[in-house]
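Worksheet: one structure, shown below.
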Amino acid sequence: MKNIRVRFAPSPTGYLHVGGLRTALYNYLFAKRNNGKFILRIEDTDQSRYVEGAVENLINALKWSGLEFDEGPEKDGGFGPYFQSQRLDIYKKYAADLVKNKNAYYCFCSPERLTALRDEQKSQNLQAKYDKHCLSLSETEIKEKLDARIPYVIRLNIPSFEKVVFNDIIRNRVEFDTATIDDQVLIKSDGFPTYHLANVIDDHLMDISHVIRGEEWLSSTPKHVLLYNFFGWEIPQFAHLPLLLNPDKTKLSKRQGDVAVEDYRAKGYSPEALLNFVALLGWNAGDDKEFYYMDELIEKFSLERVNNSGAVFDIQKLNWLNTEHFRKLPKENLLSQLKSILADSEFNDANYSDEYLLLIIESMIERVTSVKEILEKSPYFFTDPLSYEEESKAKNWKPETPELLNELAKRFALLGKITDKHDFEKPLKELAAEKEIGAGKLIHPLRLAVSGMSTGPGVYDLLYIIGKEKTISRIGKAVKAI
RNA sequence: GGCGCGUUCGUCUAGUGGCUUAGGACGCCGCCCUCUCAAGGCGGAGAUCACGGGUUCGAACCCCGUACGCGCUACCA
């Protein structure tokens with residue numbers, strides 16, 4: 001079997017789309033599974049869409065996701081450059097060959113004529129297609145126009161009434177009639193190639209064996225097939241991936257939620273979870289397994305098992321997977337994450353011991369789905385309560401509460417050095433018994449006083465972590481404040 | 001409008017002619033546990049396999065048609 005070489009070929013629009021992430025992942029998995037190479041190529045042939053820093057963002061997002069490319073920008077594998085904008089001479093040369101063989105031709109039509117033509121066709125409910133007006137230009141006419149510096153494009157000369165048939169790994173046989181295919185512009189008037197030309201030339205020159213890309217490319221694949229034929233090149237294997245969809249089943253878009261990998265990163269999702277989730281959107285191994293690490297994905301992946309219908313991006317399932325992955329992270333990882341998040345937070349002035357932070361992690365891990373959430377759900381480990389939850393106040397703060405809590409604080413103060421969370425339990429239970437009330441009558445207001453909240457770890461864990469001194473002082477504060 | 005691709009619980013999916021009274025997961029609901037919130041355990045509801053024809057002893061699975069959805073229809077990728 002020939003060498004497996006696949007590419008992820010995004011256009012640098014500013015960020016990595018999760019759909020793009022999945023495309024990249026499938027390419028990556030396929031490459032790794034088959035001892036092939038995963039190549040990153042930047043399709044920056046549209047000057048009007050140039051975005052500052054986009055390539056850097058893209059590469060960073062891929063790196064964060066763990067999809068390291070074998071060849072690409074700054075990583076030459078002998079097939080570079082990997083920026084299409086740096087390969088203009090190559091495209092020009094091949095375009096000239098096409099023109100010489102009459103498989104492409106110069107077109108000098110103005111945008112106005114093109115628009116008028118399209119409008120006319122549309123009004124008659126005809127397919128919008130270039131009318132090959134410039135195909136009939138003579139050599140001398142072309143030369144004259146060229147000399148006169150009239151702007152031109154080079155168009156693909158689609159033969160009429162032929163069938164173009166190709167095989168797609170995911171969709172099997174696909175057939176198009178050339179009568180329905182437009183004479184695609186190959187070289188734009190600014191001298192840049194369009195995607196269609198550049199992609200075929202680069203895939204051939206870069207020795208790409210499998211073209212794995214989104215379904216939106218399926219309709220233009222016959223143009224590419226024609227180009228391969230005109231050049232006399234071997235056609236790569238195609239695999240057109242189903243689209244990722246919004247909940248309303250339209251193509252996944254910004255308007256209906258987050259689509260950038262960096263958005264998910266910012267929200268605290270882990271790359272492992274995001275990758276695991278996205279891998280399952282359109283692929284499965286044929287069994288019930290849903291939790292995967294990268295190495296297992298590589299081991300099991302095959303294009304043949306990719307689905308052929310679009311998949312809704314279901315954030316709930318992502319949340320679940322994120323949680324599953326999160327629970328399996330080693331403590332040291334969580335600790336270092338928490339430290340760096342704290343450093344960037346409003347609580348960055350204090351210095352917390354590893355021991356302290358580890359206790360927090362242990363108490364919160366079942367209650368959050370990311371380290372970031374620890375700060376959101378339990379700020380009380382880092383600051384005294386700034387306010388007290390109204391609902392809990394109404395429910396748990398009774399007229400006799402201040403007196404009870406003061407008494408409890410007094411008894412806590414009598415405790416020696418705290419060595420176990422249950423040290424707090426005894427005085428609390430005793431007081432409850434003496435007053436002939438349920439422990440809950442003390443526990444709920446106590447939690448509120450100490451944390452300002454009504455939810456969180458077990459109350460004894462809570463007290464043990466924040467410590468005896470802070471517990472007592474916070475009770476004092478709460479009694480005054482509430 | 002034309003062309004292409006698709007259609008199994010709300011969602012992701014298993015299923016490739018008899019093993020299927022269509023399996024799993026997320027979510028949802030209930031119960032248990034319990035100082036709260038979670039986590040965990042147990043259980044439940046939820047799909048006439050888009051619809052209509054055909055082929056077959058037998059079809060979610062094969063064929064044809066229809067409907068619907070999506071994609072493409074740019075000197076964007």
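Since we're looking at a predicted model, the values are computed, not measured. In what follows, every chain begins at residue 1, and chains take the letters A, B, ... in the order their sequences are listed.
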Specify the separation, in whole Å, of atom [atom1] of [X] and atom [atom2] of [N].
| X | N | atom1 | atom2 | value |
| --- | --- | --- | --- | --- |
| A/Ile360 | B/C37 | CD1 | P | 22 Å |
| A/Asn172 | B/G4 | CG | P | 16 Å |
| A/Tyr50 | B/C76 | OH | P | 18 Å |
| A/Ile315 | B/U11 | CD1 | P | 17 Å |
| A/Phe108 | B/C75 | CZ | C1' | 14 Å |
| A/Glu216 | B/G71 | CD | P | 10 Å |
| A/Leu58 | B/A77 | CG | C1' | 13 Å |
| A/Leu156 | B/A74 | CG | P | 15 Å |

Counting heavy atoms from C-beta on, name the nucleotide in [options] closest to the side chain of [X].
| X | options | answer |
| --- | --- | --- |
| A/Lys317 | B/C5, B/G24, B/G2 | B/G24 |
| A/Arg367 | B/C76, B/G2, B/C37 | B/C37 |
| A/Thr250 | B/G2, B/A25, B/C70 | B/C70 |
| A/Ser11 | B/U36, B/A77, B/A14 | B/A77 |
| A/Leu243 | B/A77, B/G71, B/G2 | B/G71 |
| A/Arg447 | B/G24, B/C35, B/C75 | B/C35 |
| A/Asp288 | B/G2, B/G23, B/A77 | B/G23 |
| A/Trp320 | B/C75, B/A25, B/C70 | B/A25 |
| A/Asp314 | B/A74, B/G10, B/C76 | B/G10 |
| A/Ile443 | B/C12, B/C76, B/C35 | B/C35 |

For [X], answer base if it contacts any base atom (sugar-phosphate contacts may also be present), sugar-phosphate if it contacts only those atoms, and nothing otherwise; contact means non-hydrogen atoms under 4.0 Å.
| X | result |
| --- | --- |
| A/Gly282 | sugar-phosphate |
| A/Arg305 | sugar-phosphate |
| A/Ser309 | sugar-phosphate |
| A/Glu175 | sugar-phosphate |
| A/Asn199 | nothing |
| A/Val312 | sugar-phosphate |
| A/Ser454 | base |

field: Cation-aromatic face contact A/Lys328/A/Phe291, 6.0 Å, 45 degrees
entry: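 Because its charged atom sits under 6.0 Å from the ring centre and within 45° of the axis, A/Lys328 does stack over A/Phe291.
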- prompt: A/Tyr130 ring centre to A/Arg155 NZ or CZ under 6.0 Å, with the angle to the axis within 45°?
  reply: yes
Considering every strand shown, what is the Watson-Crick or G-U wobble mate of [N] when both distances are under 3.5 Å?
| N | answer |
| --- | --- |
| B/A74 | none |
| B/G46 | none |
| B/C68 | B/G6 |

field: Earlier contact from the 5' end, RNA chain B, for A/Ala311 and A/Leu318
entry: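 Final value for this comparison: A/Ala311.
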- prompt: Which residue lies toward the 5' end of RNA chain B, A/Gln316 or A/Glu324, if each is placed at its nearest nucleotide?
  reply: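 On the 5' side of the pair lies A/Gln316.
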For [N], does OP1 or OP2 lie under 4.0 Å from any side-chain N or O of [X]?
| X | N | answer |
| --- | --- | --- |
| A/Asn308 | B/C5 | no |
| A/Asn284 | B/A14 | yes |
| A/Asn319 | B/C26 | no |
| A/Thr45 | B/A77 | yes |
| A/Lys188 | B/A77 | yes |
| A/Lys249 | B/C68 | no |

[M] and [N], which share atom name [atom1], separated by this distance in whole Å:
| N | M | atom1 | answer |
| --- | --- | --- | --- |
| B/A14 | B/G23 | C1' | 6 Å |
| B/G41 | B/U73 | P | 49 Å |
| B/A45 | B/G10 | C1' | 13 Å |

- prompt: So, A/Asn307 and A/Ser309: side-chain donor and acceptor under 3.5 Å apart, yes or no?
  reply: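 On atom types as modelled, these side chains do not qualify, holding no pair under 3.5 Å.
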Between A/Glu262 and A/Asn57, a side-chain donor and acceptor under 3.5 Å: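 Not at all, the side chains of A/Glu262 and A/Asn57 share no donor-acceptor pair under 3.5 Å.
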query: Any donor-acceptor pair under 3.5 Å between the side chain of A/Arg171 and the base of B/C5?
result: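 Flag unset: no donor-acceptor pair detected.
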- request: Kindly indicate whether the side chain of A/Thr180 and the base of B/G2 share any N or O donor-acceptor pair separated by less than 3.5 Å?
  value: no
Counting only pairs under 3.5 Å, give me each side-chain donor-acceptor contact of residues 430-442 of chain A, with atom names and distances, residues two or more places apart or in other chains.
| unit_1 | atom_1 | unit_2 | atom_2 | d |
| --- | --- | --- | --- | --- |
| A/Glu434 | OE1 | A/Arg411 | NH1 | 3.4 |
| A/Glu434 | OE1 | A/Arg411 | NH2 | 2.8 |
| A/Glu434 | OE2 | A/Arg411 | NH1 | 3.0 |

query: So, do A/Val211 and A/Trp217 sit near enough that their side-chain heavy atoms are less than 4.5 Å apart?
result: no
- prompt: Is there side-chain contact between A/Tyr82 and A/Arg87, with heavy atoms separated by less than 4.5 Å?
  reply: no
message: Please check: side-chain N/O of A/Ser392 versus main-chain N/O of A/Glu389, any donor-acceptor pairing under 3.5 Å?
response: no
query: What do the steps show when you test A/Phe277 against A/Phe313 for side-chain contact (heavy atoms from CB on, under 4.5 Å), and what is the final call?
result: CA-CA 9 Å; A/Phe277 172 61; A/Phe313 191 95; 3.4 Å; yes
